[in-house]
There are 2 protein chains.
Amino acid sequence: MRFSRILVEGRPAYAEIDGKIAHILEGDPLAGPAKRTNSAVEVTKAVFLPPVIPGVFYAVGFNYPAHVKHHHATMPDRPEIGYRANNALTGHHTPIIRPAGVEGRFEAEGEVVAVIGRRLRRASRAEAQESIFGWTIGNDVSAREWQHADRTFWRSKNSDTFKPMGPWIETDVDPLAQTTTVRIDGDVRATFATGDMIFDPFDYIVETSRYITLHPGDVLWMGADSTVQLEPGTVVEIEISGIGTLSNPVLSERHP
Amino acid sequence: MRFSRILVEGRPAYAEIDGKIAHILEGDPLAGPAKRTNSAVEVTKAVFLPPVIPGVFYAVGFNYPAHVKHHHATMPDRPEIGYRANNALTGHHTPIIRPAGVEGRFEAEGEVVAVIGRRLRRASRAEAQESIFGWTIGNDVSAREWQHADRTFWRSKNSDTFKPMGPWIETDVDPLAQTTTVRIDGDVRATFATGDMIFDPFDYIVETSRYITLHPGDVLWMGADSTVQLEPGTVVEIEISGIGTLSNPVLSERHP
């Protein structure tokens, strides 16, 4: 099943995507069974929100060998999780805004995102696998000059609109057997096998949950193999086979 | 006014603290006016929760000259915000659990916490001042050996129970004219003027909001002048004059 969060009469609502139709749900499928209402909208007319606002927004840094080598970084020897911030989340089709002052490398990364479905602590690998509600797509946008100039990732990775997520959560897919494709205005700029991860989502959940309780709605962004430069005036698409396509126009900030 | 979040019949509810009485409120004072119900409990019998669960949990690293010098670190030249994670939050009187495997420095830091009351972006200093809902107290617990061994702050600062916050949000206090006192089993181990900050909360809000939208309920933990070692079997208290006292027993994890 595919679950989106969309705007219905100005308010967020969950919807079940069935082909071209988004059936509006009553309730939050992450909190328990959510029933279809009598309302539906065409998917092409839906206004997409991030499919979940996490309690904690986890993200992996270096997690693909090609990415580590490209940055001449040390290969990670254990699955150590990092963080991003909710203000930066934005939905499918909404613009990524390149802030005034960002020059040089302004890059997209197409990532598999795990959405946690239950509370867990000290999880076994089997429990980690059972804890997943579903999988969505994230675009981990970074302003590299800020990343190098700043003490933390605050504005380089967490400026408003830097974290598109969606379009929906797919509950029935093997996230490690897919292909990620990044396109700019329809041209393929990167493509890689999702399964090339150094540590997979379940490795991260097992290790993180040794110290940390994970909760329903928490998300883990799983890293990317390669980065793609973004330019205002273009549209960036992240397609992950078996999940869908996350598409966002790139704009330049109007108010310097 | 003082607003707490407490457990009422097993569910979180806001309460207005008036001397020894916690008047249960209907609604969330951070979302709009919240009215007193006919229910009340004695403050000494209340079960305190973190007074807010933030959408984004902001925290400042080095923000007091003595702390920077103690760590032989470079004095920050601009207010760059960092992050902590919601799983680590815990309330007044609940235990801080020292995880199995933590040895050496396991430290408390008593911090002023700003609670944001309105949405803001590109705030002036006056707007930053007006955006504050109130002030509470945070204890930024850190396991220093993990902090040095790990790539991120994940378990060193964000293990479960490492972020006590409370007991309440005080809406009428000048946070920069107070004294922070850290006690272990009643003995004073640190005391400093809150106003000795390198950058104050409004400096952080102005700079952060150049790139980032702040939302009601977001919190900013403002850093500490000094650290205090924690030992299982003791009680750590952070008192900030004009706000209150946050008290937590320290325990050792039972399940290694």
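Below, chain A is the first sequence line, B the second, and so on; all start at residue 1. Hydrogens, waters and symmetry mates are skipped; everything else that's a heavy atom, side chains included, is used.
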Heavy-atom pair of closest approach, residues [X] and [Y]:
| X | Y | value |
| --- | --- | --- |
| A/A85 | B/V56 | CB-CG1, 3.9 Å |
| B/M75 | A/R151 | C-NH2, 4.0 Å |
| A/I212 | B/N158 | CG1-O, 3.4 Å |

Interatomic spacing from [atom1] in [X] to [atom2] in [Y] - rounded to 0.5 Å:
| X | Y | atom1 | atom2 | value |
| --- | --- | --- | --- | --- |
| A/T208 | B/R155 | OG1 | CZ | 10.5 Å |
| A/D160 | B/L214 | CG | CG | 9.0 Å |
| B/W154 | A/E207 | CH2 | CD | 4.0 Å |
| A/Y211 | B/I97 | OH | CD1 | 15.5 Å |

* Residue pair B/T152 / A/F153, side-chain heavy-atom distance below 4.5 Å ->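 Counting from C-beta outward, B/T152 and A/F153 never come under 4.5 Å.
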[X] portion near chain B, given a 4.5 angstrom heavy-atom threshold:
| X | result |
| --- | --- |
| A/Y58 | side chain |
| A/T74 | both |
| A/R121 | side chain |

* Could you have a look at B/P54, B/G61, B/G101, B/P76 and say which one has the most heavy-atom pairs with chain A under 4.5 angstrom? =>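 Most heavy-atom pairs under 4.5 Å with chain A: B/P76.
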* To do: Using a cut-off of 6.0 Å, state whether more than 12 heavy atoms not belonging to A/R119 lie near its atom CZ.
  => no
* Exceeds 12 heavy-atom contacts within 6.0 angstrom, atom CD of A/E26 -> no
